[in-house]
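Position 1 is the first residue of the sequence, and the numbers go up from there. In listed order, ligands and their atoms are each counted from 1. When reading the values below, keep in mind they use all heavy atoms of this one structure, side chains included, and skip hydrogens, waters and symmetry mates.
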Amino acid sequence: MSESQRVREAEKRTSRADGTPDDYLYEAAIYDTLWAELNELDLPFLLARAEKFGGPLLELACGTGRVLLPCAAKVERAVGIDRSPSMLKEARANLKAAGIDEERVDLVEGDLRTFELGQRFPLILAGGQPMFHLPTDDDWLATLQTVRRHLAPGGTFVAGVPVFTEEDIRNYDRRYLFSGEVRHPETNRRIAMWDFSTFDTDKQTITRRRVSEVLDEEGVVLERQHGLRVNFYRFPDQIRALLNRAGFRITREFGAYDESPYSTDSEYFIWEVTAED
Ligand SMILES: C[S@@+](CC[C@H](N)C(=O)[O-])C[C@H]1O[C@@H](n2cnc3c(N)ncnc32)[C@H](O)[C@@H]1O
């Protein structure tokens, strides 16, 4: 079966709980290989949060468990929520492979804006930048309310996003850039990826067209697939205002995952917040 047939077959079987297509279907199996370098970026920071604030912890948009599973090893219990069945399938396989007692980790399919777990957590975190999947301010506020409902009294919510500058936009807007090659973990086929990203600075969106090519060993393209994803970015002032409106108090702001404080030329905006009583 070819790569695209495999994906189409899987598509028929997997859609999200609300019936909408699973937009991580094609990326799920290669996600951990593709984003392995992220582990050096944010993982030590997030592990330090798990050690500091303890568990049980909840990760929003846990995906394949890249962050959740190492953090789970630090606490007695952890829960991950994500709306992508294919990412959760990878997370279940990773959980098994990591040899963590399966009783200690719950992987739940749900939407950040609406999930209800009926339990509270001293620490809620979000690895990667899932907040940029939320299209509108209302989606942010709905997610932040959901976080509040699940936060134990005095608990901490930690998440971060990159801060885009005019220079980033100049460097990435409407350029066709090679973004790497990986081997598919199941088929062992070479997959090369190219991204064409379009920034809309009024709407604050980045539309990424990812062109994935399946190559033979000589580099001949066997298949080519185009996938579109829209991300919705926010700037630190806008995020502060949303956190504020949702009743959170910022306790710390970082500008990088090495824990340096946030300043206006920081590459990241990372927040630790608690809910107002
Ligand atoms: C870039 S991945 C990050 C995964 C993981 N946190 C990490 O750092 O590796 C983004 C994840 O967010 C999930 N996601 C996006 N919007 C969501 C929503 N509204 N509700 C639940 N999950 C969502 C996607 O399914 C995907 O697994």
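Taking any N or O of Asp23, backbone or side chain, none lies under 3.5 Å from an N or O belonging to ligand 1. By the 3.5 Å distance cut-off applied to N or O atoms, Pro130 is not counted among the residues near ligand 1. The shortest N or O to N or O distance between Ala61 and ligand 1 is below 3.5 Å. Considering backbone and side-chain atoms alike, Gly128 places an N or O below 3.5 Å from some N or O of ligand 1. At least one N/O-N/O distance between Asp82 and ligand 1 falls below 3.5 Å. Taking distance alone, with nitrogen or oxygen atoms compared against 3.5 Å, His133 stays at or beyond that limit from ligand 1.
Contacts of Arg83 with ligand 1, taken as heavy-atom pairs under 4.0 Å, involve both backbone and side chain. When heavy-atom distances to ligand 1 are checked against a 4.0 Å cut-off, Glu59 comes that close only through its side chain, counted from C-beta outward. With a 4.0 Å cut-off on non-hydrogen atoms, Tyr31 touches ligand 1 through its side chain and not its backbone. For Ala126, no heavy-atom contact with ligand 1 is shorter than 4.0 Å.
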Between Gln238 and Asp137, is the side-chain contact (heavy atoms from CB on, under 4.5 Å) condition met? List the steps. CA-CA 9 Å; Gln238 296 172 316; Asp137 283 1; over 6 Å; no
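Near Ser84, meaning under 4.0 Å from one of its heavy atoms, ligand 1 places the atoms 25 (O). With ligand atoms numbered from 1 in the order given, ligand 1 contributes 6 (N), 8 (O) to contacts under 4.0 Å with heavy atoms of Gly127.
Under 4.0 Å is where a charged nitrogen must lie from a carboxylate oxygen, and between Asp42 and Arg66 at least one such pair does.
For Arg49 and Phe45, the positive end sits near the middle of the six-membered ring, less than 6.0 Å away and at most 45° from its axis.
Residues Leu134 and Phe164 fall within the same hydrophobic cluster, defined by Ile, Leu, Val, Met, Phe, Trp and Tyr side chains chained together at heavy-atom separations under 4.5 Å.
The local environment of CD in Glu103 is sparse, with at most 12 non-hydrogen atoms from other residues, nucleotides or ligands closer than 6.0 Å. Heavy atoms of other residues, nucleotides or ligands lying less than 6.0 angstrom from CD of Glu267 number 12 at most.
The backbone N or O of Glu218 sits less than 3.5 Å from a side-chain atom of Asp216, completing a donor-acceptor pair.
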